[in-house]
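One-based numbering, in listed order, for ligands and for the atoms of each. Positions are given from 1 along the sequence.
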Amino acid sequence: MSAKKTETSKAIEAAPSEEKKAAPKKPAARKTAAAAEKKPAVRKPRKTAAPAEEPVVEAAAHVPAEEPVAEAPAPVEEKPAVEEAAPAVPAAEEELPQPRRSVAFIGSECYPFVKTGGLGDVMYALPKALVKQNCDVKVILPRYACIPLKYQEKMVYRGSFTMDLCSDGRAFFVGIMEYVWDGVVYDFIDNEEFFRAGNPYINLIDDIPRFCFFAKAALAALNFMNWIPDIIHCHDWQAALVPLYLRTLFANTPIGGAKTILTIHNLRFQGLYSLPTIKYWTGLPHYLFTHEVLKQGYDDANMFKGGIAYCDLVTTVSNTYAREIQTVFYGENLDAHLRYHSAKLRGIVNGIDVEQWDSATDKLLPAPYDASDVVEKKKLNKRALQEQLGLEVDEGKMVLGLISRLTDQKGLDLVNAVLPQLVDGNTQVVVLGTGDAIYEDAFRKFENTYKGSVVAYIAYDEALAHRIYAASDALLVPSMFEPCGLTQLIAMRYGTVPIVRETGGLKDTVEPYNQYTNEGNGFTFDRYEAGLLLDAINRAKTLYFTERERWDEMVVRDMAKDVSWDNAAKQYRALYLELKP
Ligand code: ADP
Ligand code: GLC
């Protein structure tokens, strides 16, 4: 074993920490032998990597690779991390399902710190739901510079160390900043070089090194804090290297006994890049770069592929998507790999946070409502939205909402194809989204052409999203593929009828309206064709304008549907127990 290798293993074992004062109700996970060697806490100010202007190569120079990690300070405990709201833990411990399990979530975004889509919602809401299932949860995230100051200010320094990363042993600073909220502990991995950008995702050239760093640093941080969970639950490609590190470089460290779950939220993004680059940045052993694990094609490596091969279980966010990704059309070139690993692939449908999304208590709504007054209050919310956005103010109009990342995943070319046929004098369309210029421009053009009937609000705006969910009569989700989809769930919770394509989680969560039995939650179509979307919208319009009582019954039915995380959290807990009985 080379000297470099020895340094690496020192780095990843890192110094065990003092017991954390602000730990969640039940103290952390299992202790290991390493816990015995406690180090005195050393007060040390927050340390950052090299100044932001310097390139990454320079940054390494500031932290000598040879700096012995055993010298790294134990975490400082200047003050306990902030406990913001009342913990989500139910009062009586006996009521909780037994036994307790500890889980580290590792992912690239989490509401309210940083969110670009549904992954951010899941990383926030699922840990909270798991706390109610007697899980001790830590969420590990990058400390992006774009996290709002109000959260940055409340983070507490937990310690720092240096870690070897690349195949030539370059070392990097790893800081840990902590924040406790609602029974969940958030640990942010700090390194200004990697995470100073204003957006969690930049481009693959930058993202590959930063998420190699993040995956390894997350494990090293768990060792450093001596928080050894039963399960490490990784999310999407940005965390997909974790199982590979765990079973190789970290195998003989305290964290090495943890089991891993990798959840696929979106298979389109995989961390696919040139093999030599990924090999260099990860510093992973040569034998992982085969077609069975990381290698793809002639000279590429695929981080998601490697994670799928090396984790203990793969989950995705609906049963239908779990089946779809094993086919050529949806498999994004990994269908054969997923078929090969199908025995460890499961689908669990997402939920939404029903406290965050509650039309009765939603402070962002002009007129909050519940199922008893939804019909009247929706009109008030509609008028308010029409006024705010410059639409013709008329509560008699049917408002179709669309809240989405504007990318080709979301079926926007179908919407563009049918939009002129939707504007019939009785219908308004409200689009909220950002993304590809081609869609942004197309929607702006429609707004211009159909002033007063179509609005394209090209922005990311949480508050406006709430108002649109509440004010719309129906929400369009005609996606080409949709692993789960949260907007249709939020819509139903707000009494807004979803119009969806039957794919992925949309198929699993929206039961098509049956005019004979007067059952169902929304309107659906199957093949990816504009004519079928138009037909589904026209069926919705017909019911809305000609049989309003039945429409209103569907609205109430949708509001009563269980879209909470309870069911999914129980299923995840069962998987955790399956891996660690
Ligand atoms: P995806 O993760 O593929 O973007 P989801 O349906 O799972 O799709 O989640 C989208 C989430 O992002 C929802 O919470 C939705 O309300 C939110 N969202 C999407 N676009 C916007 C936007 N422009 N402004 C505010 N919220 C948005
Ligand atoms: C992804 C998917 C979306 C899913 C979300 C959360 O972004 O595109 O369908 O709801 O992740 O799992």
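- In Lys115, the part holding a heavy atom less than 4.0 Å from any atom of ligand 1 is the side chain.
- Look at Lys507 and Asp526 and you find no salt bridge, because none of the NZ, NE, NH1 or NH2 atoms lies under 4.0 Å from a carboxylate O.
- Across Cys484, Gly118, Gly117, heavy-atom proximity to atom 5 (C) of ligand 2 is greatest for Gly118.
- Nearest non-hydrogen protein atom to atom 6 (O) of ligand 1 is Leu486 N, 2.8 Å.
- One option in Ile403, Val477, Asp353, Leu432 has a heavy atom closer to atom 19 (C) of ligand 1 than any other, and that option is Ile403.
- Thr320 and Asp508 are linked by a side-chain donor-acceptor pair at a separation below 3.5 angstrom, with hydrogens and angles left out of the test.
- Between Phe113 and Tyr186, the angle of the ring planes goes over 60°, which puts this pair in the perpendicular group of the 30/60° scheme.
- Between Lys410 and Glu482, at least one side-chain N (NZ, or NE/NH1/NH2) sits under 4.0 Å from a carboxylate O, which counts as a salt bridge.
- Shortest contact from atom 4 (O) of ligand 1 to any protein heavy atom: Arg405 NE, 2.7 Å.
- Looking from atom 24 (N) of ligand 1 to the surrounding protein, the closest heavy atom is Asp461 N, 3.0 Å.
- Below 30°, between 30° and 60°, or above 60°: for Trp357 and Tyr494 the angle between ring planes is above 60°, a perpendicular geometry.
- Counting heavy atoms closer than 4.0 Å to ligand 2, residue Val317 contributes side-chain atoms (C-beta onward) but none from N, CA, C or O.
- Shortest contact from atom 2 (C) of ligand 2 to any protein heavy atom: His265 O, 3.2 Å.
- Of all atoms in ligand 2, listed by their number and element, those nearer than 4.0 Å to a heavy atom of Asn350 are 6 (C), 10 (O), 12 (O).
- Sparse packing is recorded around OH of Tyr340, with 12 or fewer heavy atoms of other residues, nucleotides or ligands lying under 6.0 Å away.
- Salt-bridge check for Glu332 with Arg268: passed, with a basic side-chain N closer than 4.0 Å to an acidic carboxylate O.
- Near Asn266, with a cut-off below 4.0 Å to any heavy atom, the atoms of ligand 2 are 8 (O).
- You'll find the ring centres of Tyr544 and Trp551 inside the 6.0 Å limit.
- Relative to atom 1 (P) of ligand 1, the option among Arg268, Lys410, Glu482 with the closest non-hydrogen atom is Lys410.
- The protein heavy-atom contact nearest to atom 14 (O) of ligand 1 is Asp121 OD2, 2.7 Å.
- Ligand 2 has Gly485 within reach: a non-hydrogen atom of the residue lies less than 4.0 Å from it.
- Salt-bridge formation is detected for the pair Glu462/Lys115: a Lys NZ or Arg NE/NH1/NH2 atom is positioned less than 4.0 Å from an Asp or Glu carboxylate oxygen.
- For atom 9 (O) of ligand 2, the nearest non-hydrogen atom from the set Arg405, His235, Gln409, Glu482 belongs to Glu482.
- When only interatomic distances are considered, the shortest N/O to N/O separation between Val122 and ligand 2 does not fall below 3.5 Å.
- Each of Arg101, Arg573, Arg346, Lys344 was checked for a salt bridge (charged side-chain N to carboxylate O under 4.0 Å, His left out) with Glu578, and the lone residue meeting it is Arg346.
- The contact set between ligand 1 and Gly433, taken as ligand atoms under 4.0 Å from a residue heavy atom, comprises 23 (N).
- With respect to the salt-bridge test (charged N to carboxylate O, under 4.0 angstrom), the residues Asp207 and Arg210 qualify.
- Looking at Asp121 against ligand 2, nothing comes within 4.0 Å, counting heavy atoms.
- Judged by distance alone, the side chains of Glu440 and Thr434 never bring a donor and an acceptor atom under 3.5 Å apart.
- Between Tyr460, Tyr469, Trp357, it is Tyr460 that holds the heavy atom closest to atom 27 (C) of ligand 1.
- Considering only non-hydrogen protein atoms, atom 10 (C) of ligand 1 sits nearest to Gly118 N, 3.7 Å.
- Using a non-hydrogen distance threshold of 4.0 Å, Gln409 registers as a contact of ligand 1.
- Listed by number with element, the atoms of ligand 1 under 4.0 Å from a non-hydrogen atom of Ala459 are 22 (C), 23 (N).
- The distance from ligand 1 to the heavy atoms of Ser404 drops below 4.0 Å at these ligand atoms: 20 (N).
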